[in-house]
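One structure below.
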Amino acid sequence: MLDGLDPEQREVALALTGPVCVLAGAGTGKTRAITHRIAYGVRSGRLQPSSVLAVTFTNRAAGEMRGRLRQLGAGGVQARTFHSAALRQLQFFWPKAVGGDLPRLLERKIQLVADAAARCRVRLDRNELRDVTGEIEWAKVTQTVPADYPAIVAKAHRDAPRDPAEISQIYAMYEQLKRDRSVIDFEDVLLLTVGILQDRHDIADQIRSQYQHFVVDEYQDVSPLQQRLLDLWLGDRDNLCVVGDASQTIYSFTGATPDHLLNFRTRHPGATVVKLVRDYRSTPQVVHLANGLLSQARGRAAEHRLELISQRDPGPDPVYTEYADEPTEAEGTARRIRDLVAAGVPAGEIAVLYRINAQSEVYEQALADAGVPYQLRGAERFFERQEVREAGIALRGAARAGGNDSLLDDAEDLPAQVRAVLSTKGWTSQPPSGSGAVRDRWESLAALVRLAEDFARARSGATLSDLVAELDERAAAQHAPTVQGVTLASLHSAKGLEWDAVFLVGLTEGMMPITYAKTDEQIEEERRLLYVGVTRARLHLTLSWALSRSPGGRASRRPSRFLKGLRPGSGSLGTIASGGAGSFERGAAAGRRKPRGPVLCRVCGATLTEAGAMKLMRCEDCPSDMDEALYERLRDWRADQARELGQPAYCVFTDKTLMAIAERVPATGGELSSISGVGARKLDRFGAEVLAICAGGDGGTGLDDS
């Protein structure tokens with residue numbers, strides 16, 4: 001059971017008692033570590049299979065865990081989602097706790113929400129209905145009752161899809177209708193299980209006698225309600241192992257919060273904490289970019305970020321590509337993918353990831369034009385979406401009516417005609433605020449408006465009938481069945497997956513971060529979302545953006561702020577993120593900005609290409625003016641810090657960073673921060689002590705110049 005585990009994974013496997021917190025970075029083998037831990041406990045006789053409950057968040061993850069446990073000889077262990085485990089307990093104990101049969105479980109609550117809205121005399125279209133249903137789900141998992149909903153939404157700075165007072169009213173009526181019709185919803189499964197365990201101590205004791213060891217995967221995604229259920233399962237015991245990574249918290253809009261993971265050691269002061277930072281998925285170049293992305297993060301999650309260390313052989317640098325416009329970006333991406341497939345990379349090992357599903361259409365078209373098969377994940381194909389089908393019917397009807405359609409009376413050209421028709425389907429000149437189904441619908445309709453504008457520009461004098469024919473051709477070309485194809489997916493739906501080659505597209509301000517991310521907390525979640533995208537790549541990683549929306553448009557867009565300091569030529573952080581920082585390429589007609597010039601050796605003036613050399617700002621074989629005694633004092637100080645923090649020494653500063661400090665002997669905070677590897681976070685944490693050591697002290701004086 002322990003063979004083949006690295007030292008940290010082995011430590012996890014051996015930690016079979018007491019509270020255990022595993023901080024596991026992307027690609028570090030967390031599932032391997034926890035399944036071997038359980039199997040080792042079972043095979044060694046220290047854990048009874050029936051006494052272990054492992055919970056995670058998706059049926060796919062639970063199924064994978066069960067499969068691995070069976071292969072390791074621990075098939076009797078229960079591996080389930082929170083809802084699945086709670087539903088089994090609820091079905092078993094309901095007759096004893098309440099009497100009679102468990103109320104019927106609603107498969108889809110949206111119709112009941114519609115009935116509740118009608119009772120409240122609030123009109124909701126289909127997309128508003130989906131958004132209000134999502135709000136009710138969020139309220140329930142955050143344990144917010146209807147009366148408190150408006151105040152809690154205001155406190156959380158949450159963008160409600162309707163007036164919070166209206167949603168509160170609909171929410172209350174929805175709960176009343178459930179009681180009247182003797183049905184429960186998905187969230188009630190957790191709420192009712194919590195209620196029974198709180199009220200019936202005999203039932204709680206029975207469950208606790210059954211399950212004595214708990215493992216929770218993806219712990220950063222636990223909601224307050226799930227945490228309450230976990231606490232009740234545990235009782236006053238502490239045989240709990242949690243696994244998570246605060247830097248991969250991207251579902252806060254559903255009620256998930258990393259606070260339970262970040263506060264674990266406060267709640268369990270004696271907990272064993274193990275950090276998994278050896279990345280077996282991605283090359284050093286990809287890992288370097290991922291680390292650099294998080295090094296600029298702020299907030300509690302950023303303070304607990306993990307510095308990953310790739311265990312793979314070096315690979316190609318990430319490629320940053322700037323294009324003139326979105327169609328050119330999609331075509332360039334399709335060409336690169338076609339080249340990768342021709343070079344032997346299976347199409348199924350390639351992914352194109354974007355921020356919102358409405359971005360897929362231009363990539364569906366570009367891949368179809370390039371003859372590259374593709375498959376969509378987590379969303380319908382663009383032309384299969386309900387709103388796109390409805391828009392197509394409306395456009396076809398308007399085309400048939402021709403001059404007899406009053407909608408088109410004031411429309412002077414094709415784009416104006418399309419805007420007029422689609423305005424009856426929900427398109428407006430300004431997007432709706434916030435996210436959700438209403439925004440998704442608008443984005444799909446806006447994509448059709450943009451397509452009409454591009455089509456009219458390319459074909460002077462084109463009519464509405466010509467556009468309808470074009471839409472039909474595109475739909476037919478993209479409906480061809482595919483078995484093995486490139487994955488097109490949103491960043492959210494890519495979580496938990498990985499590919500040999502990943503293309504992160506549309507990385508402009510307003511899309512990454514998304515326009516409706518307003519608060520610092522929301523911006524940081526957008527950064528984490530991009531981090532998740534980066535860490536999906538094993539070998540090839542391409543990041544791209546377009547300066548304008550359509551060909552010939554004004555180049556007014558800017559690359560995502562998250563790329564500043566990471567891509568070549570993007571500012572002062574460029575040297576900090578050097579070494580595998582990647583190559584900057586320019587797509588067809590992508591503007592006139594020039595990439596940053598080469599980094600030169602401060603001794604001989606030669607161009608530097610290696611990461612270590614760029615950190616030192618000199619060639620490796622050029623004479624060093626390093627203060628050897630200072631270097632040794634810094635190493636001794638670093639060893640003490642590492643022991644105190646319970647981290648490897650490189651997490652404090654790498655050898656190369658210490659060498660750079662010992663060569664340049666900074667006297668102020670500004671001079672220290674200019675050294676590659678000393679970011680703002682490390683300057684705040686270690687700057688005063690490092691400067692004191694450089695001044696000849698023992699690390700006890702203050703920072704004399706910020």
Side-chain angles (χ1 to χ4, degrees), residues 25-26 245-253 258 282 285-308 317-323 326 329 351-356 359 435 489-492 494-495 502-537 541-547 556-585 593 595-596 676 679-681:
D245 178 10
S247 297
Q248 296 189 67
T249 306
I250 60 173
Y251 298 115
S252 66
F253 59 90
S282 305
Q285 286 77 8
V286 173
V287 167
H288 181 86
L289 173 56
N291 287 337
L293 183 60
L294 286 189
S295 71
Q296 303 174 31
R298 298 291 179 266
R300 284 197 74 202
E303 292 169 5
H304 294 79
R305 72 183 182 91
L306 299 168
E307 189 91 8
L308 300 179
D317 283 339
V319 176
Y320 301 83
T321 309
E322 184 176 273
Y323 292 95
E326 287 181 9
E329 182 181 10
V352 178
L353 305 181
Y354 34 74
R355 177 60 180 84
I356 59 174
Q359 291 173 272
S435 58
S490 70
L491 287 163
H492 279 104
K495 178 77 164 61
V502 169
F503 291 79
L504 300 175
V505 299
L507 301 181
T508 59
E509 285 291 305
M511 192 58 73
M512 178 54 67
I514 198 75
T515 306
Y516 47 78
K518 304 292 187 185
T519 67
D520 290 344
E521 190 174 331
Q522 290 168 340
I523 296 293
E524 287 306 313
E525 181 149 339
E526 293 286 300
R527 188 194 306 274
R528 294 194 296 269
L529 188 56
L530 181 57
Y531 172 79
V532 166
V534 168
T535 55
R536 299 310 94 193
L541 178 62
T542 300
L543 305 94
S544 64
W545 59 94
L547 297 178
S556 58
R557 290 179 171 177
R558 292 181 293 123
S560 169
R561 71 190 73 175
F562 300 145
L563 301 182
K564 184 174 177 59
L566 301 178
R567 62 184 180 89
S570 60
S572 60
L573 291 176
T575 53
I576 293 176
S578 63
S583 58
F584 179 79
E585 297 187 1
R593 293 204 300 266
R596 188 187 65 178
S676 176
R681 187 176 63 87

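- Not a single donor-acceptor pair under 3.5 Å links the side chain of T508 to the backbone N or O of R558.
- Under the side chain to side chain contact (heavy atoms under 4.5 Å, CB included) rule, M512 has a single partner from L543, L530, L504, which is L530.
- Side-chain contact check for Q296 versus L566: some heavy-atom pair is nearer than 4.5 Å.
- Side-chain atoms of T535 and V286, non-hydrogen and from C-beta on, never get closer than 4.5 Å to each other.
- For E326, the salt bridge (charged side-chain N to carboxylate O under 4.0 Å, His left out) partners two or more places apart in sequence, or in a different chain, are R557.
- To the nearest 0.5 Å, atoms CG (L293) and NZ (K564) are separated by 14.5 Å.
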Next on the checklist: Between V532 and H492, is the side-chain contact (heavy atoms from CB on, under 4.5 Å) condition met? List the steps.
Outcome noted: CA-CA 8 Å; V532 166; H492 279 104; over 6 Å; no
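- Side-chain contact between R567 and P559 is present, with at least one heavy-atom pair separated by less than 4.5 Å.
- In this structure, Y354 OH and M511 CE are separated by 12.0 Å, a value rounded to the nearest 0.5 Å.
- Interatomic distance, I250 CD1 to L491 CG, rounded to the nearest 0.5 Å: 8.0 Å.
- Not counting sequence neighbours, R536 has no partner by the salt bridge (charged side-chain N to carboxylate O under 4.0 Å, His left out) test.
- Looking at R355 and S490, their side chains never come closer than 4.5 Å, going by heavy atoms from C-beta outward.
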Item to check | Derivation of the side-chain contact (heavy atoms from CB on, under 4.5 Å) call for D245 and L306 | outcome: CA-CA 8 Å; D245 178 10; L306 299 168; 4.2 Å; yes
Checklist entry - Going through the checks in order, is the side-chain contact (heavy atoms from CB on, under 4.5 Å) test met by E329 and E322? => result CA-CA 8 Å; E329 182 181 10; E322 184 176 273; over 6 Å; no
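- Here the closest non-hydrogen pair linking R305 and L294 is CD-O, 3.5 Å.
- For the residue pair L308 and A26, the shortest heavy atom distance occurs at CD1-O, 3.8 Å.
- Environment of CD in Q522: crowded, with over 12 heavy atoms of neighbouring residues, nucleotides or ligands closer than 6.0 Å.
- In this structure, W545 and L507 approach most closely via the heavy-atom pair CB-O, 3.5 Å.
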Item to check | CA sep, side-chain torsions, deciding dist, call: E526, I514, side-chain contact (heavy atoms from CB on, under 4.5 Å) | outcome: CA-CA 7 Å; E526 293 286 300; I514 198 75; 3.7 Å; yes
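- Two residues are said to be in side-chain contact when any heavy atoms from C-beta on lie closer than 4.5 Å; L541 and V319 fail this criterion.
- Contact record, S252 with E525: OG-OE1, 2.5 Å, taken as the closest heavy-atom pair.
- With values rounded to the nearest 0.5 angstrom, S544 atom OG is found 8.5 Å from F503 atom CZ.
- Listed by chain and number, the residues in a side chain to side chain contact (heavy atoms under 4.5 Å, CB included) with I523 are P513, A517, R561, F562 (sequence neighbours excluded).
- Residue pairs meeting the salt bridge (Lys or Arg N to Asp or Glu O under 4.0 Å) criterion with at least one partner in residues 285-294, sequence neighbours excluded, do not occur; the list is empty.
- In this structure S247 satisfies the side chain to side chain donor-acceptor pair (under 3.5 Å) test with no other residue, sequence neighbours excluded.
- For A297, the side chain to side chain contact (heavy atoms under 4.5 Å, CB included) partners are A302, E524, R527, not counting sequence neighbours.
- Rounded to the nearest 0.5 angstrom, S295 OG and H288 NE2 are separated by 8.5 Å.
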